[in-house]
Amino acid sequence: MKDPWEPVIGLEIHVELNTRSKLFSSAPNHFGDEPNTNISFICTGQPGSLPILNREAVKKAVQFGLAVNGTIHLSSHFDRKSYFYPDSPKNFQITQYDDPIVTGGAITIEIDGKPKTFGIHHAHLEEDAGMLKHFSDYAGVDDNRAGAPLVEIVSLPCLHSPQDAVAFAAAVRLIMLYLDASDCNMEEGSLRFDANVSIRRKNETALRPRIEIKNMNSFRNLESALNEEIHRQIDLYTQFPSLPWEELVFPGAFRFDPSNKKLILMRRKETPDDYRYFPEPDLGPILLKQEYVDSLRDTLPELPYDRYRRYTKALGLSKHAASVLINDKSLGDYFDAALAHCSIPQLLCNWIIVEFSGRLTDGQKSILALKIPPQHIAALVSMIDQGLITSRIAKSIADDMVHNPALAPETIAANNPDYSPVDDADKIERIVDQVLEENDSCAADYRAGNEKAFSFLVGQVMKKTRGKASPQIVNEALRKKLSQ
Ligand code: MN
């Protein structure tokens, strides 16, 4: 039977921007330093201090909005969200409530080979809170993060499985990396997810009550928390079909405990009224010029999904190969740099993501660590394509390139007699004669129209030359002899 339930998930993704200073002060925006060293009067909320907006943070928010084809608002403003908690030195957060800088937009991704488009409700700028650090008998406050710039991206409730949610979150991460707007380091909390989850019968259109899971910082936690919550809600509705929905799933904010995979209630749902939002009196509106927005649009880098389509459609790479290349921007950039010197994208891609990546040693995370100029890999691939070397010799040359990254493959080949292919036509013809003699039934098969027999004979010749015969000459010699 088909699953009668459909999850409805909306994500709020907090992305910490990689600006040098904080959103409203010149204090350094840097993770991992001694507690309370990256602070100023402004981030610690000293009386009389006034915020000054960071231009670079605004730029990155606009770039994200453009990347997802959202509407960039030439005028937006900040609001004050009041809440008392020890990690909030001012007792309020400066955020954007009803007038965000970006609204709308969408992200398209391929999931299981099919393109899916997920809508974005809005994206806004806000400042981060400080952090509490818990020790055995006390807790400390570290305000290094207080006032760090965030873009919060709020999706529409259009995600219908934990897989969709993870794919959307991963796509946001990749876009931010392509824009160089964030380091997206999840272990350091640069990317944090809140999820709103409800479920409903597949034919229902209305939404049932939802709960919120706060502050997850890995894709794995996001996926398991959603799975847990979806099953919990299904169980409740199944066990108590006649009870009102509101009595089964009551709104609240939970956090996910990954160690026992359980959701822990933090607080019953608060309403916007609880936060007493009002326009931030210490800051003017964010006013943008259309020319500024246009110039940022004109200088956007190629985005992950566009690159994916170029690789699969224009270059004919496999979906798998294209995904490997786009998921690491520097690897894709490297491939593109090599592609400028080589006209065989599929073979080039294979040499980069299989052959050279397979030659990485422990601790080397990317082919970039090999320090081989991309045009050298392009040259190697062209040499194979032109029949100048066999793929067996190419593998040996590749080994040498790894040990001597400065040497071009042409130089390596020229300096080592073992790497010159056997292209002496007379010598190859003698070997072909020998092979035909030893495999006369195979030759008869070929003459009877069996093309496979030909490949077998080529293989035999290659074997006798230990992979060094020029495939072109072998082919010609074989065809000639077989047609005699
Ligand atoms: Mn937020």
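A quick note: this is a predicted structure, and the numbers were derived from the prediction, not measured. In what follows, residues are counted from 1 in the order of the sequence shown.
- Other residues, nucleotides and ligands contribute over 12 non-hydrogen atoms within 6.0 Å of the CG atom of Leu236.
- Taking all atoms of both residues into account, the shortest heavy-atom contact from Glu16 to Ser182 is O-OG, 2.8 Å.
- Salt-bridge annotation for Lys329 and Asp180: absent, with no side-chain N of the basic residue lying under 4.0 Å from a carboxylate O of the acidic one.
- With hydrogens and angles left out, the side-chain atoms of Ser190 and Asp183 include a donor and acceptor closer than 3.5 Å.
- Below 30°, between 30° and 60°, or above 60°: for Phe193 and Phe219 the angle between ring planes is below 30°, a parallel geometry.
- Residues Lys365 and Asp328 are not paired through a salt bridge, judged by the lack of any N-O separation under 4.0 Å between the basic side chain and the carboxylate.
- If you take CG on Leu325 and OH on Tyr334, they are separated by 12.0 Å, rounding to the nearest 0.5 Å.
- Heavy-atom contacts from other residues, nucleotides or ligands closer than 6.0 Å to CD of Gln290 number more than 12.
- Rounding to the nearest 0.5 Å gives a distance of 10.0 Å between CD1 of Ile353 and CD1 of Ile367.
- Put simply, the side chain of Asn144 gets close to the backbone of Glu34: a donor and an acceptor are under 3.5 Å apart.
- A distance of 8.5 Å separates SG in Cys184 from CG in Leu174, rounded to the nearest 0.5 Å.
- The minimum heavy-atom distance between Thr299 and Ser295, with the atom names listed, is OG1-O, 2.9 Å.
- Of the possible polar contacts, one joining the Gln364 side chain to the Thr361 backbone as a donor-acceptor pair under 3.5 Å is found.
- To the nearest 0.5 Å, atom CD of residue Gln63 and atom CD1 of residue Ile72 are 10.0 Å apart.
- Looking at heavy atoms from C-beta onward, Val166 lies out of side-chain contact with Leu226 at the 4.5 angstrom threshold.
- Enclosure of atom CZ in Phe41 is not indicated, since only 12 or fewer non-hydrogen atoms of other residues, nucleotides or ligands lie within 6.0 angstrom.
- With respect to the salt-bridge test (charged N to carboxylate O, under 4.0 angstrom), the residues Arg307 and Glu302 qualify.
- Counting heavy atoms of neighbouring residues, nucleotides and ligands inside a 6.0 Å radius, atom CG of Asn260 exceeds 12 of them.
- The side-chain heavy atoms of Val172 and Phe118, taken from C-beta on, include no pair separated by under 4.5 Å.
- When Asn29, Asn38, Asn54 are each tested for a side-chain contact (heavy atoms from CB on, under 4.5 Å) with Ser21, only one passes: Asn54.
- The backbone N or O of Asn215 sits less than 3.5 Å from a side-chain atom of Asp194, completing a donor-acceptor pair.
- Under the 3.5 Å distance criterion, the side-chain polar atoms of Ser391 are left unmatched by any main-chain donor or acceptor of Ala394.
- For the pair Gln96 (side chain) and Ile101 (backbone), a donor-acceptor distance under 3.5 Å is present.
- Of all the heavy atoms in Pro373 and Pro405, the pair that sits closest is CD-O, 3.3 Å.
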Determine, step by step, whether Ile230 and Trp5 satisfy the side-chain contact (heavy atoms from CB on, under 4.5 Å) criterion, reporting the C-alpha distance in whole Å, the side-chain angles of both residues, the deciding distance to 0.1 Å, and the verdict.
-> CA-CA 9 Å; Ile230 288 163; Trp5 297 102; over 6 Å; no

Give the intermediate values and the outcome of side-chain contact (heavy atoms from CB on, under 4.5 Å) for residues Glu152 and Thr95.
-> CA-CA 10 Å; Glu152 178 175 340; Thr95 180; 5.5 Å; no

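- Between the side chain of His73 and the backbone N or O of Val102, no donor-acceptor pair lies under 3.5 Å.
- No more than 12 heavy-atom neighbours from other residues, nucleotides or ligands sit within 6.0 angstrom of OH on Tyr138.
- The two residues His77 and Asp99 make their nearest non-hydrogen contact at ND1-OD2, 2.9 Å.
- A donor atom on one side chain and an acceptor atom on the other are not found under 3.5 Å apart for Lys261 and Asn227.
- The side chain to side chain donor-acceptor pair (under 3.5 Å) analysis of residues 113-123, with sequence neighbours excluded, yields the pairs Thr108-Thr117, Lys116-Asp164, His122-His124.
- Listed here is the closest heavy atom pair of Ala195 and Leu222: CB-CD1, 4.4 Å.
- Checked for salt-bridge contact, Asp274 and Arg267 miss the test: no charged N lies under 4.0 Å from a carboxylate O.
- Side-chain contact of Asp336 with Tyr311: a donor-acceptor pair under 3.5 Å is present, judged by distance alone.
- The closest donor-acceptor contact from the side chain of Gln233 to the backbone of Val197 lies under 3.5 Å.
- Between Leu315 atom CG and Ile344 atom CD1 the span is 12.0 Å, to the nearest 0.5 Å.
- Side-chain contact between Glu355 and Lys395 is present, with heavy atoms from C-beta onward closer than 4.5 Å.
- Ion pairing between Glu126 and Lys81 fails under the 4.0 Å rule for side-chain N and carboxylate O.
- The 12-atom threshold is not exceeded at CZ of Arg255, counting heavy atoms of other residues, nucleotides or ligands nearer than 6.0 Å.
- One finds no salt bridge joining Glu223 and Arg220 here, because no Lys/Arg side-chain nitrogen approaches an Asp/Glu carboxylate oxygen to under 4.0 Å.
- Contact check on Arg232 versus Asp235 returns no salt bridge, with no Lys/Arg side-chain nitrogen under 4.0 Å from an Asp/Glu carboxylate oxygen.
- No side-chain heavy atom of Ile412 sits less than 4.5 Å from a side-chain heavy atom of His376.
- For the ring pair (Phe, Tyr, Trp, His ring centres under 6.0 Å) test, no residue two or more places apart in sequence or in another chain qualifies with Tyr85.
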What do the steps show when you test Phe335 against Leu317 for side-chain contact (heavy atoms from CB on, under 4.5 Å), and what is the final call?
-> CA-CA 12 Å; Phe335 169 75; Leu317 300 188; 4.0 Å; yes

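- For the pair Leu248/Arg208, no side-chain contact is recorded, criterion being any heavy-atom separation below 4.5 Å from C-beta on.
- Between Ile107 and Ala171 the shortest heavy-atom distance is CG2-CB, 3.7 Å.
- Of the inter-residue distances, the one linking Cys349 atom SG with Ile377 atom CD1 reads 11.5 Å to the nearest 0.5 angstrom.
- Side chains of Pro86 and Leu132 form a contact here, defined as non-hydrogen atoms less than 4.5 Å apart.
- One N or O on the side chain of Asn185 and one on the backbone of Glu188 form a donor-acceptor pair closer than 3.5 Å.
- Between the side chain of Ser323 and the main chain of Lys319, a donor-acceptor pair closer than 3.5 Å is present.
- Taking 4.5 Å as the limit, every side-chain heavy atom of Leu17 sits out of range of all side-chain heavy atoms of Leu23.
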Hey, mind stepping through Tyr305 and Ile175 against side-chain contact (heavy atoms from CB on, under 4.5 Å) and telling me if it holds?
-> CA-CA 9 Å; Tyr305 192 60; Ile175 289 171; over 6 Å; no

Trace of the salt bridge (charged side-chain N to carboxylate O under 4.0 Å, His left out) decision for Asp87 with Arg145 = CA-CA 10 Å; Asp87 68 5; Arg145 204 181 66 183; 5.5 Å; no

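- For the ring pair (Phe, Tyr, Trp, His ring centres under 6.0 Å) with Phe78, the lone residue among Tyr97, Phe24, Tyr277 that qualifies is Phe24.
- Contact of the Tyr292 side chain with the Leu74 side chain is not registered, since no non-hydrogen atoms from C-beta on lie closer than 4.5 Å.
- Side-chain atoms of Gln93 come within 3.5 Å of backbone atoms of Glu127 as a donor-acceptor pair (strictly under, hydrogens ignored).
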